[in-house]
Colleague: 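My questions will all concern the structure given below.
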Amino acid sequence: MPKLSPLPKPSSAPAAATAPPHLPAPVFRDDKHHIRIFQGDCLDILAALPENSIDLIFADPPYFLSNNGITCHAGRMVSVNKGEWDRSRGADANHEFNRLWLAACQRVLQPNGSIWVSGTSHVIHSVGFAMQQLEFKLLNDITWVKPNPPPNLSCRYFTHATETIIWAAKSKKSRHTFHYQHMKEIAGGKQMKSVWTIPPPESWEKKFGKHPAQKPVALLERILLASSSEGDLVLDPFMGSGTSAVAALRKKRRFVGIEADRKWNEVASERLRSDRQQGVREIGSRSKLIAKAAGA
């Protein structure tokens with residue numbers, strides 16, 4: 001997690017001229033599909049990206065869940081600790097961090113762009129309040145229902161079976177993208193509701209390694225289909241194992257990912273190479289079928 005400092009207060013005085021920070025070389029680059037992954041602190045990378053350059057952001061920030069507790073995974077009792085990056089620094093410091101990265105994301109969003117942020121109760125209320133402080137336009141809060149959540153071992157709480165995803169536009173003036181009709185088709189001809197039941201990541205999604213906060217590709221694909229168009233530029237400032245990158249590749253969106261941990265950048269790169277090759281094989285198979293049919 002980056003070092004925390006207060007957000008600068010607005011000033012009427014002109015800012016001193018400073019050279020813009022430079023982007024580091026990407027650790028993964030696919031020019032054909034317009035995908036780049038950068039390793040580093042998200043605040044540093046975001047500061048080097050051009051203002052008003054991103055169409056859509058998906059962010060899965062630290063939930064601050066790593067408190068030495070226990071949970072159940074595959075029938076076994078395991079620690080909830082995910083790493084130092086997920087440890088709480090206290091409510092005030094956690095909220096300051098959320099304001100910092102959200103403000104950095106708001107700067108790079110194009111005027112009609114929007115952002116989706118996922119979280120549990122440990123972080124999502126801070127995210128929503130920070131968005132209001134920064135004058136984002138709140139659009140929806142999606143409840144993602146997990147059909148088979150792990151049981152609550154303490155038996156002192158309801159089973160945690162959902163996560164919240166806040167969808168917001170850059171500002172009150174934004175005319176955000178929403179493919180209403182397509183979402184209605186997916187929902188069987190009815191308006192899609194803000195409660196989504198989507199299974200957790202399947203085994204093929206964890207082939208190269210499973211991130212402790214990994215989201216299913218189906219969830220990211222729905223988000224991209226709902227609020228972006230083919231060719232749009234998507235950003236994920238906490239990319240993890242690259243689920244958003246895989247969804248962007250599949251749905252023909254350009255993509256910029258940021259991840260601090262080398263391990264997860266390697267996993268994301270392997271997932272992209274594998275999915276890209278699978279796409280080549282599927283295109284080849286379809287071409288053979290078309291050629292066979294044409295010669296029949």
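Bear in mind the structure is a predicted one, so any value in this text is a computation, not a measurement. Residue indices begin at 1 and follow the sequence shown.
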Colleague: Do the rings of Phe97 and Trp101 sit parallel, tilted or perpendicular, given the 30° and 60° boundaries?
Modeller: tilted
Colleague: Would a 4.5 Å heavy-atom cut-off, applied to side chains only, mark Leu224 and Val234 as touching?
Modeller: yes
Colleague: Does a side-chain heavy-atom distance below 4.5 Å link Arg36 with Leu23?
Modeller: yes
Colleague: Could you tell me whether the side chain of Trp204 and the main chain of Pro201 form a donor-acceptor pair under 3.5 Å?
Modeller: no
Colleague: Taking atom types as modelled, is there a side-chain donor on Ser118 or Asp60 under 3.5 Å from an acceptor on the other?
Modeller: yes
Colleague: Look at atom NZ of Lys172 and say whether more than 12 heavy atoms of other residues, nucleotides or ligands are closer to it than 6.0 Å.
Modeller: yes
Colleague: Is the closest side-chain donor-acceptor distance between Lys173 and Asn112 under 3.5 Å?
Modeller: no
Colleague: Can you name the salt bridge (Lys or Arg N to Asp or Glu O under 4.0 Å) partners of Asp236, sequence neighbours left out?
Modeller: none
Colleague: Assess whether a salt bridge exists between Glu96 and Arg89, defined as any Lys/Arg side-chain N lying under 4.0 Å from an Asp/Glu carboxylate O.
Modeller: no
Colleague: Keeping Lys170 on the side-chain end and Gln106 on the backbone end, is there a donor-acceptor pair under 3.5 Å?
Modeller: yes
Colleague: Would a hydrophobic clustering, with Ile, Leu, Val, Met, Phe, Trp and Tyr connected at side-chain separations under 4.5 Å, put Trp264 with Ile37?
Modeller: no
Colleague: Quick one: does NZ or CZ of Lys146 land under 6.0 Å from the six-membered ring centre of Trp144, within 45 degrees of the ring axis?
Modeller: yes
Colleague: Would you name the heavy atoms of Val217 and Glu205 that are closest together and state the gap between them?
Modeller: N-OE1, 2.8 Å
Colleague: Is there side-chain contact between Thr164 and Ile142, with heavy atoms separated by less than 4.5 Å?
Modeller: no
Colleague: Apply side-chain hydrogen bond (donor to acceptor under 3.5 Å, both in side chains) to the pair Thr243 and Arg271, showing each step before the final yes or no.
Modeller: CA-CA 8 Å; Thr243 298; Arg271 291 182 71 187; 3.1 Å; yes
Colleague: Would you please indicate if the ring centroids of Trp167 and Phe178 are separated by under 6.0 Å?
Modeller: yes
Colleague: Is there a continuous path of hydrophobic side-chain contacts, each under 4.5 Å between heavy atoms, that joins Leu100 to Leu102?
Modeller: yes
Colleague: Do Arg222 side-chain atoms and Ile198 backbone N/O form a donor-acceptor pair below 3.5 Å?
Modeller: no
Colleague: Is any side-chain heavy atom of Val145 closer than 4.5 Å to one of Val195?
Modeller: yes
Colleague: With a 6.0 Å cut-off (strictly less than), is the heavy-atom count around CD of Glu135, excluding the residue itself, greater than 12?
Modeller: no
Colleague: Go through the structure and list residues passing salt bridge (Lys or Arg N to Asp or Glu O under 4.0 Å) with Arg175, not counting sequence neighbours.
Modeller: none
Colleague: Heavy atoms only: give me the nearest Thr177-Ser228 pair and the separation to one decimal.
Modeller: CG2-N, 4.0 Å
Colleague: What is the minimum heavy-atom distance between Lys215 and Leu219, and which atoms define it?
Modeller: CD-CD2, 4.1 Å
Colleague: Any side-chain to backbone donor/acceptor pair from His211 onto Ala213? Under 3.5 Å, distance only.
Modeller: yes
Colleague: Would you say the side chains of Ser126 and Arg99 form a donor-acceptor pair under 3.5 Å?
Modeller: no
Colleague: I'd like to know if Lys207 and Glu270 make a salt bridge, using a cut-off of under 4.0 Å between side-chain N and carboxylate O.
Modeller: no
Colleague: Among all residues two or more places apart in sequence or in another chain, which pass the side-chain contact (heavy atoms from CB on, under 4.5 Å) test with Ala104?
Modeller: Leu43, Leu46
Colleague: Centres of the His34 and Phe255 rings: under 6.0 Å?
Modeller: no
Colleague: Does a donor on one side chain sit under 3.5 Å from an acceptor on the other, for Asp55 and Gln110?
Modeller: yes
Colleague: Examine the side chains of Glu163 and Thr120 and answer whether a donor and an acceptor come within less than 3.5 Å of each other.
Modeller: no
Colleague: List the atom of Pro21, the atom of Ala48, and the distance in Å for their closest heavy-atom pair.
Modeller: O-CB, 3.5 Å
Colleague: Of the non-hydrogen atoms in Cys42 and Ile258, which two are nearest, and what is the gap between them?
Modeller: CA-CG2, 3.7 Å
Colleague: Are Leu272 and Leu235 connected into the same hydrophobic cluster when the rule is that any two of I, L, V, M, F, W, Y join if their side-chain heavy atoms are below 4.5 Å apart?
Modeller: no
Colleague: Which heavy atom of Ala226 sits nearest a heavy atom of Met183, and at what distance?
Modeller: CB-SD, 3.6 Å
Colleague: Report the relative orientation of the aromatic rings in His122 and His160; use parallel for angles under 30°, tilted for 30 to 60°, perpendicular for over 60°.
Modeller: tilted
Colleague: Same cluster or not: Phe38 versus Ile54, using hydrophobic residues (I, L, V, M, F, W, Y) connected whenever any side-chain heavy atoms lie under 4.5 Å apart?
Modeller: yes
Colleague: Please check if any side-chain donor atom of Ser114 sits under 3.5 Å from a side-chain acceptor atom of His176, or the reverse.
Modeller: no
Colleague: Starting from Leu138, can I reach Leu134 by hopping between I/L/V/M/F/W/Y residues whose side chains sit under 4.5 Å apart?
Modeller: yes
Colleague: Do Gln133 and His95 pair up side chain to side chain, a donor and an acceptor below 3.5 Å, judged on atom types alone?
Modeller: yes
Colleague: Does this structure show an ion pair linking Arg254 with Asp232, if we count only N-O contacts that are shorter than 4.0 Å?
Modeller: no
Colleague: Ignoring hydrogens and angles, tell me if any N or O in the side chain of Gln39 forms a donor-acceptor pair with the backbone of Asp261 under 3.5 Å.
Modeller: no
